[in-house]
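Report on the structure given below.
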Amino acid sequence: VLAPTSGEITIFGKSVPAQLPEVRSSMGMCPQHNVLWPELTVEEHLRLIARVKGIVQHGEEIDRLLAEVQLTEKRKSRASSLS
């Protein structure tokens, strides 16, 4: 990541990067295609999305989500191995 050299970015009136957590919480992601990368595991996909959303402490949340969708045993499986 490059450091800014000049200028200012605002999203929904919030300064980036000064208010980055607030900016991230107000944004979503709506992919237009399958966003599963075959070489990543189930857990790696969840960690990636957590990072995109700015969630730093995501371990317990990942555990909860895997249990909720009954994929705990597939945590280390690559997406390409899922049906």
Side-chain angles (χ1 to χ4, degrees):
V1 177
L2 299 174
T5 55
S6 65
E8 182 179 329
I9 298 173
T10 60
I11 298 177
F12 301 125
K14 299 191 184 308
S15 173
V16 178
Q19 294 175 290
L20 190 55
E22 292 90 347
V23 169
R24 283 185 170 153
S25 70
S26 68
M27 297 178 74
M29 185 171 98
C30 184
Q32 300 298 307
H33 55 84
N34 187 352
V35 293
L36 295 178
W37 291 275
E39 63 278 359
L40 295 182
T41 66
V42 171
E43 181 178 13
E44 289 168 336
H45 277 93
L46 293 173
R47 288 182 183 279
L48 174 63
I49 297 304
R51 299 256 342 241
V52 168
K53 293 294 290 176
I55 302 169
V56 178
Q57 300 294 327
H58 51 267
E60 289 181 15
E61 182 67 4
I62 287 174
D63 293 341
R64 185 189 69 74
L65 289 170
L66 288 170
E68 186 176 311
V69 297
Q70 300 176 358
L71 284 175
T72 303
E73 70 283 353
K74 297 290 187 180
R75 169 184 227 112
K76 301 292 185 190
S77 298
R78 291 180 185 247
S80 60
S81 73
L82 303 175
S83 60

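What you see below is based on every heavy atom in this structure, not just the backbone, and it leaves out hydrogens, waters and symmetry mates. All values derive from a computational prediction rather than experimental measurement.
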Inset, instruction - List the steps, then state whether salt bridge (Lys or Arg N to Asp or Glu O under 4.0 Å) holds for R64 with E68. - result: CA-CA 6 Å; R64 185 189 69 74; E68 186 176 311; 2.6 Å; yes
Legend entry - Heavy-atom pair of closest approach, residues S15 and T10: CA-CG2, 4.3 Å
Inset, instruction - Find out if a path of hydrophobic residues (ILVMFWY) with successive side-chain heavy-atom gaps under 4.5 Å connects L48 to L65. - result: no
Inset, instruction - Determine whether more than 12 heavy atoms belonging to other residues, nucleotides or ligands lie under 6.0 Å from atom CD of Q57. - result: no
Inset, instruction - Return yes when atom CZ of R24 has more than 12 non-hydrogen atoms of other residues, nucleotides or ligands closer than 6.0 Å, and no otherwise. - result: yes
Legend entry - Atom pair CD1/CG of I11 and L20 - distance to nearest 0.5 Å: 8.5 Å
Legend entry - Which atom of A79 lies closest to which atom of H45, heavy atoms considered: CB-CE1, 3.7 Å
Legend entry - Interatomic spacing from CG in L36 to OG in S80 - rounded to 0.5 Å: 10.5 Å
Legend entry - Minimum side-chain heavy-atom gap H58-L46 below 4.5 Å: no
Inset, instruction - Could you tell me which non-hydrogen atom of Q19 sits nearest to which non-hydrogen atom of K14, and how far apart they are? - result: OE1-CA, 3.2 Å
Legend entry - Approximate separation, where rounding is to 0.5 Å, of E44 CD and W37 CH2: 11.5 Å
Inset, instruction - Heavy atoms only: give me the nearest K76-T41 pair and the separation to one decimal. - result: O-CG2, 3.3 Å
Inset, instruction - Answer yes or no: is there an ion pair linking E43 with R47, defined by an N-O contact shorter than 4.0 Å? - result: yes
Inset, instruction - Give a yes or no on whether the backbone of E39 and the side-chain of R78 come within a donor-acceptor separation of less than 3.5 Å. - result: yes
Inset, instruction - Can you measure from OG1 (T72) to CG (D63) and round to the nearest 0.5 angstrom? - result: 7.5 Å
Inset, instruction - Please say whether more than 12 non-hydrogen atoms of neighbouring residues, nucleotides or ligands are located less than 6.0 Å from CD1 in I9. - result: no
Inset, instruction - Answer whether the closest heavy-atom distance between the side chains of I62 and R75 falls below 4.5 Å. - result: yes
